[in-house]
Amino acid sequence: MKRRGMLNSHIAKVLADLGHTDQIVIADAGLPVPNGVTKIDLALRPGTPSFIEVVTELLNEMVVEQVTLAEEVETNVEVDQELKHRLDKIPTKYLTHELFKERTKEAKVAIRTGETTPFANCILHAGVNF
């Protein structure tokens, strides 16, 4: 058993297999996952685990060169402020929610959280550590 880091074996495998520009969606409980995109469902009950908890862990585990968000996330003030704090130096791109959902089709995986607040979704674009 691992001592620290990502314990979820499915997520750990995805992280180990990531290449430059590969994408991971972190989704609230309601975001539809497109056909063909693998879903890792972490949702236990409404709010658990939270979107921010999962984003924080993924940011600790992977090199992220860009994040894509829906413009509408700004209406979810608490999540928006937490994201801005955690994504401080990571370039961020905003799309309409409809276009964001289209872009999720390009992801290697979608990680579903228990988050039940609106527009708590992001796409993490893998970078390289050299």
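All values reported here derive from a predicted model rather than from experimental measurement.
The two residues G19 and A126 come nearest to each other via the heavy atoms O-CB, 3.4 Å. Contact between N76 and P118 at its shortest, heavy atoms only, is ND2-O, 2.7 Å. For P49 against V54, the heavy-atom pair with the smallest separation is CG-CG2, 3.9 Å. Across N121 and A27, no two heavy atoms sit closer than the pair OD1-CA, 3.3 Å.
With respect to K84 and D88, no salt bridge is recorded, no charged nitrogen being found less than 4.0 Å from a carboxylate O.
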side-chain contact (heavy atoms from CB on, under 4.5 Å) between I123 and V67, intermediate numbers included: CA-CA 6 Å; I123 301 171; V67 176; over 6 Å; no
Assess the residue pair E78 and T117 against the criterion (side-chain contact (heavy atoms from CB on, under 4.5 Å)); give the C-alpha distance rounded to whole Å, side-chain angles, the decisive distance to 0.1 Å, and a yes or no. CA-CA 10 Å; E78 185 176 327; T117 64; over 6 Å; no
### Query
What do the steps show when you test E65 against T21 for side-chain contact (heavy atoms from CB on, under 4.5 Å), and what is the final call?
CA-CA 8 Å; E65 72 175 14; T21 73; 3.9 Å; yes
Quiz prompt | From CA spacing to verdict: side-chain contact (heavy atoms from CB on, under 4.5 Å), D80, V77 | solution = CA-CA 5 Å; D80 186 46; V77 176; 5.7 Å; no
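A continuous path of hydrophobic side-chain contacts links V109 to I26 [ILVMFWY only; heavy atoms under 4.5 Å]. Taking hydrophobic clusters as Ile, Leu, Val, Met, Phe, Trp and Tyr residues chained together by side-chain heavy-atom distances below 4.5 Å, V25 does not share a cluster with L58.
In this structure, the side chains of L42 and N8 come closer than 4.5 Å at one or more pairs of heavy atoms. Using a 4.5 Å heavy-atom cutoff, the side chains of V33 and T104 are not in contact. For the pair M6/M62, no side-chain contact is recorded, criterion being any heavy-atom separation below 4.5 Å from C-beta on. Side-chain contact check for L59 versus L87: some heavy-atom pair is nearer than 4.5 Å. Within the 4.5 Å cutoff, no side-chain heavy atoms of L69 are placed close to those of F100. When side chains are defined from C-beta on, C122 counts as touching V55, because their heavy atoms get closer than 4.5 Å. Looking only at side-chain heavy atoms (C-beta outward), E106 and V37 stay at 4.5 Å or farther from each other. Counting heavy atoms from C-beta outward, H97 and E71 have side chains that stay 4.5 Å or more apart.
Between I90 atom CD1 and T92 atom OG1 the span is 7.0 Å, to the nearest 0.5 Å. Note: E57 CD to L15 CG = 11.0 Å, rounded to the nearest 0.5 Å. Note that CD of Q23 is 8.5 Å distant from CD of Q66, once rounded to the nearest 0.5 Å. How far CG of L99 is from OH of Y94: 15.0 Å, rounded to the nearest 0.5 Å. With rounding to the nearest 0.5 angstrom, the CD atom of E102 is 9.5 Å from the OG1 atom of T96. With values rounded to the nearest 0.5 angstrom, T116 atom OG1 is found 11.5 Å from R45 atom CZ.
Residue pairs that meet the ring-ring contact (aromatic ring centres under 6.0 Å, His included) test with at least one member in residues 29-48, sequence neighbours left out, do not exist here. For residues 19-44, the set of pairs meeting the salt bridge (charged side-chain N to carboxylate O under 4.0 Å, His left out) definition, not counting sequence neighbours, comprises D22-K108, D41-R112.
By the side-chain contact (heavy atoms from CB on, under 4.5 Å) test, S50 is found to be paired with I52, E53, E115, residues two or more places apart in sequence or in another chain being considered. Shown here are the salt bridge (charged side-chain N to carboxylate O under 4.0 Å, His left out) partners of E82, two or more places apart in sequence or in another chain: R86.
Hydrophobic cluster membership for V128: F130 (Ile, Leu, Val, Met, Phe, Trp, Tyr linked by side-chain heavy atoms under 4.5 Å, directly or transitively). Cluster note: V63 groups with no other residue, as no ILVMFWY side-chain heavy atom lies under 4.5 Å from it.
Side-chain contact of H125 with T68: a donor-acceptor pair under 3.5 Å is present, judged by distance alone.
By the neighbour-count criterion of 12 heavy atoms within 6.0 Å, atom NE2 of H20 is densely surrounded, having more than that number from other residues, nucleotides or ligands.
With I24 as reference, V14 is the one residue of V14, V64, I40, I11 to meet the side chain to side chain contact (heavy atoms under 4.5 Å, CB included) rule.
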